[in-house]
Amino acid sequence: MTAAIVFLPLLGAILAGLFGRFIGRIGAQAVTSLPMLASAGLSAAVLWSVGFGDGPYTVTLFDWIRVGSFEASWALKVDTLTAAMLFTVSTVSALVHVYSIGYMHGDPSEPRFMAYLSLFTFFMLMLVTADNLVQMFFGWEGVGLSSYLLIGFWNDRPSANAAAIKAFVVNRVGDFGFMLGIAGIYLAFDSARFDTIFAAAPEMAGQTFRVFGTELPVLTTLCLLLFVGAMGKSAQIGLHTWLPDAMEGPTPVSALIHAATMVTAGVFMVARMSPLFEYSETALAVVAVVGATTALFAATVGCVQNDIKRVIAYSTCSQLGYMFFALGVGAYGAAIFHLVTHAFFKAMLFLGAGSVIHAMSDEQDMRRMGGIWRNVKVTYAIMWIGSLSLAGLPVFSGYYSKDTILEAAWGAHSAVGQYAFWMGAAAALLTAFYSWRLLFMTFHGQPRADEKTMAHVHESPPVMLVPLLVLAVGAIFAGMLGYDAFVGEGRAAFWKGALAVVGDDPIEAAHHVPPFVKLLPIGVAAAGILVAYLLYMVRTDIPAKLAEAAPGLHRFLLNKWYFDEVYEVLFVRPAFALGRMLWKRGDMGTIDRFGPDGVSLLTRLAARRTALMQSGFVYHYAFAMIIGLAVFVSAYVAGFAGVR
């Protein structure tokens, strides 16, 4: 059953990718969507079996690599952490597949798109079921490749190609750290298999090794290298710049890859490696600080963006920051709980945004929307449900998971925990503000689109609405249904040792925080909604006046803290300059000039000189033959005489 969950999407990708021209659009939809629905159903059964039944197991498929003492099997490791990820990835992917049937209708390359979706899902499932670091890296790089293909799917658009390349390159920076971490773990533990590494982790605590003449703690160094990989894949501050630009891909791509699955790979990896991180306070502190800083940074940028998908993209970046600072304070269960609930409501928000874009004839700028809620009532309700869950208001899923993270940060009773708590609380205020800013600008007020666009505003077809409604059920009920198992009294029986906790359990401390810690996130969320209502429903002139009063701050936020501009000056332009120099002076000026170009030039010159001898007169050729014969005979006679 586990192998079927993983390999059914691969089967769909092969059939749609290789035979899409023969089976057509409907055939490609069937061979990709039906296996994904089956995979989702089986993953739900696995989650129930592992989390509430027999417990973890490993399915070894075959030996993969044997070189000297290094061994790596191709195996599927299934514990509660894996089962939760299998359920999340396969369920969201199945719904995105179905949604894409309606969204991509009429696209001539739809079979290729469906194949890419299934291929991505296969790689993601391989990542979360990996039994060793090498197999995890296979899935890790596979989702990076699939992301590149999907972001640049509309390859006739220069912006899509640029965004795909940017995502690929930025992720390579993080992947370099991840590769160094994998290599270091093998050198330290003489194994890449998780069970072997985790069993030896306590003995490695406190040990050091010498690098470039400096003594470095083994586990701290390895964990920080692994975290660099997580920062790239999960878009943490510094390596986040690819995520907003990735919105150039079709909206289903944003929902699948950049909200629910690929961007959570870094969170999953740190949780999987928790037996190592637990023995490095420094590494955990770095994870918490980076995550908390990302949560606030992305929330500030989301407050001023005007592209509906970019607002949700920065929201994703911010919510990933919550997950990481939960990991940093040791609340691994809370981080995975928020990962699961976030997958439902954020995928729903992205797909809801796609429904809006579909209704508005591909318009994405919220400044050209407004006054459409009566025309798209189902989509409107869906966006409200997603925003309520994102803001963390009671009853909705985000309330249970995000509030637990904030309470765990407070309960950590450390300086890092306090930093994370207050940054997270500030981000919660901004999250509620930009969520309702999006709602009010998109659906309320006077219509700002032209009459032609407004005349065509319509609700999406059922094939797009049904996945939204299913996700809405998860956005409402997943939190209350999963609370006890993920972070409540039943968490020990549910996780069954899949997540390591050394020392005090921050989640236990989260249940005993002061009342104001529990009430503060709700209060700031309500305040953010109220401010958004006042600015975008009552006094709509104030936002422009605020921008005029503080133009520097507005430009700073609108330009995303100038990360792209700084990277352009520090890295992009020097890299292009170096590339041009090596191309012009090295490749063309040296290698080509004295290599193939030089040889061809000499050949052409020799040919021209030889051609001058071709006069076309017979007596010239006869004279040349007589001279040649005379030279040949003279040489022969001279040689014969010399021999004698």
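Along the sequence shown, residues carry numbers from 1. For the numbers below, each heavy atom of this structure counts, side chains included, while hydrogens, waters and symmetry mates do not. All figures in this text were calculated on a predicted structure; none of them were measured in a lab.
Within the structure, salt bridge (Lys or Arg N to Asp or Glu O under 4.0 Å) contacts touching residues 218-231 (residues at least two apart or in different chains) do not occur. Sorted by first then second residue, the side-chain hydrogen bond (donor to acceptor under 3.5 Å, both in side chains) pairs that include residues 576-589, not counting sequence neighbours, number zero. The salt bridge (Lys or Arg N to Asp or Glu O under 4.0 Å) pairs that include a residue from residues 223-235 number zero, where partners must be two or more places apart or lie in different chains. Within the structure, every pair that satisfies the salt bridge (Lys or Arg N to Asp or Glu O under 4.0 Å) test and touches residues 74-92, not counting sequence neighbours, is listed here: K77-D195, D79-R272.
Take S90 and apply the side-chain hydrogen bond (donor to acceptor under 3.5 Å, both in side chains) test, not counting sequence neighbours, and it matches S43. Applying the side chain to side chain contact (heavy atoms under 4.5 Å, CB included) criterion to E203, with sequence neighbours excluded, gives no partner residue. Evaluation of the side-chain hydrogen bond (donor to acceptor under 3.5 Å, both in side chains) rule for T221 yields no partner, not counting sequence neighbours. In this view, E281 satisfies the side chain to side chain contact (heavy atoms under 4.5 Å, CB included) rule with no residue, not counting sequence neighbours. Applying the side-chain hydrogen bond (donor to acceptor under 3.5 Å, both in side chains) criterion to S191, with sequence neighbours excluded, gives no partner residue. Among residues two or more places apart in sequence or in another chain, the side-chain hydrogen bond (donor to acceptor under 3.5 Å, both in side chains) test is passed with R310 by D245. Remark: Q135 engages W64, W74, L76, M126, A130, D131, N132 in a side chain to side chain contact (heavy atoms under 4.5 Å, CB included) (not counting sequence neighbours). Contacts of E71 classified as salt bridge (charged side-chain N to carboxylate O under 4.0 Å, His left out), with partners at least two apart in sequence or in another chain: R66.
Atom CZ of F52 sits in a crowded spot, with more than 12 heavy atoms from other residues, nucleotides or ligands closer than 6.0 Å. Around the CG atom of N559, the shell of radius 6.0 Å holds more than 12 heavy atoms that belong to other residues, nucleotides or ligands.
Between C317 and Q236, the shortest heavy-atom contact is O-NE2, 4.2 Å. When all heavy atoms of A425 and L406 are compared, the closest pair comes out as N-CD2, 3.9 Å. For T208 against P217, the heavy-atom pair with the smallest separation is CG2-CA, 4.0 Å. Contact between V524 and A428 at its shortest, heavy atoms only, is CG2-CB, 3.9 Å. Nearest approach of F325 to I405, heavy atoms of both residues: CE1-CG2, 3.3 Å. A pairwise comparison of heavy atoms in A420 and A409 identifies CB-CB, 4.2 Å as the closest pair.
In terms of modelled atom types and a separation under 3.5 Å, the side chain of T264 and the main chain of V267 share no donor-acceptor contact. Side chain of Y322 to backbone of S401: no donor-acceptor contact under 3.5 angstrom is found. Judged by distance alone, the side chain of K346 and the main-chain N or O of A343 form no donor-acceptor pair under 3.5 Å. Side chain of T293 to main chain of V289: a donor-acceptor pair is present (N/O by atom type, distance under 3.5 Å, no hydrogens or angles). Looking only at distances, no side-chain donor or acceptor of K518 sits under 3.5 Å from a matching main-chain atom of E407. In this structure a side-chain-to-backbone donor-acceptor pair under 3.5 Å is present from S234 to V263. Counting only distance, with no hydrogens or angles, the side chain of W242 and the backbone of G232 share a donor-acceptor pair below 3.5 Å. In this structure a side-chain-to-backbone donor-acceptor pair under 3.5 Å is missing from S315 to V311. No donor-acceptor pair under 3.5 Å is formed between the side chain of S280 and the backbone N or O of F277. Under a 3.5 Å cut-off, the side chain of T404 and the backbone N or O of A334 do not form any donor-acceptor pair.
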| said: Is there a side-chain contact (heavy atoms from CB on, under 4.5 Å) between F337 and I507? Walk through the geometry before answering. | reply: CA-CA 12 Å; F337 186 32; I507 295 181; over 6 Å; no
Exercise for review: Show your reasoning for whether side-chain contact (heavy atoms from CB on, under 4.5 Å) applies to M124 and M85.
Suggested key: CA-CA 9 Å; M124 190 68 195; M85 293 298 295; 4.3 Å; yes
Requested in this report: Step by step, work out the side-chain contact (heavy atoms from CB on, under 4.5 Å) result for D505 and R491.
Outcome: CA-CA 11 Å; D505 185 0; R491 63 186 183 279; 3.1 Å; yes
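Counting heavy atoms from C-beta on, the side chains of I237 and V290 come closer than 4.5 Å. Between K402 and T431 the shortest side-chain heavy-atom distance falls below 4.5 Å. Taking the side chain as every heavy atom from C-beta outward, T2 and Y57 approach each other to under 4.5 Å. Taking the side chain as every heavy atom from C-beta outward, M262 and L256 never approach each other to under 4.5 Å. Contact of the V501 side chain with the L499 side chain is not registered, since no non-hydrogen atoms from C-beta on lie closer than 4.5 Å. In this structure, the side chains of F178 and L226 come closer than 4.5 Å at one or more pairs of heavy atoms. When side chains are defined from C-beta on, T129 does not count as touching I5, because their heavy atoms never get closer than 4.5 Å. Using a 4.5 Å heavy-atom cutoff, the side chains of L327 and Y332 are in contact.
For the atom pair Y400 OH and D484 CG, the distance stands at 12.0 Å (nearest 0.5 Å). The line from CZ of F120 to CG of L150 is 8.0 Å long, rounded to the nearest 0.5 Å. Atom CZ of F7 sits about 5.0 Å away from atom CZ of F122, to the nearest 0.5 Å. Note: L239 CG to T294 OG1 = 9.5 Å, rounded to the nearest 0.5 Å. Taking CH2 from W410 and CD from Q418, the interatomic distance works out to 4.5 Å, rounded to the nearest 0.5 Å. The structure places CH2 of W422 at 5.5 Å from CG of L520, a figure rounded to the nearest 0.5 Å.
Under the 30°/60° scheme for interplanar angles, the aromatic rings of F87 and F344 are found to be tilted. Taking the six-membered ring where tryptophan is involved, the planes of Y314 and F297 are perpendicular, since the angle between them exceeds 60° and thus also 30°. Using cut-offs of 30° and 60° for the angle between ring planes, the H511 and Y483 rings count as perpendicular. Using a 30° and 60° split on the angle between ring planes, H342 and H338 fall in the tilted class, from 30° to 60°.
Evaluated for a ring-ring contact (aromatic ring centres under 6.0 Å, His included) with F123, the options W140, F138, Y116 yield exactly one hit, F138.
For F227 and F324, the ring centers are positioned less than 6.0 Å apart.
Neither side chain, T241 nor K166, offers a donor N or O lying under 3.5 Å from an acceptor on the other.
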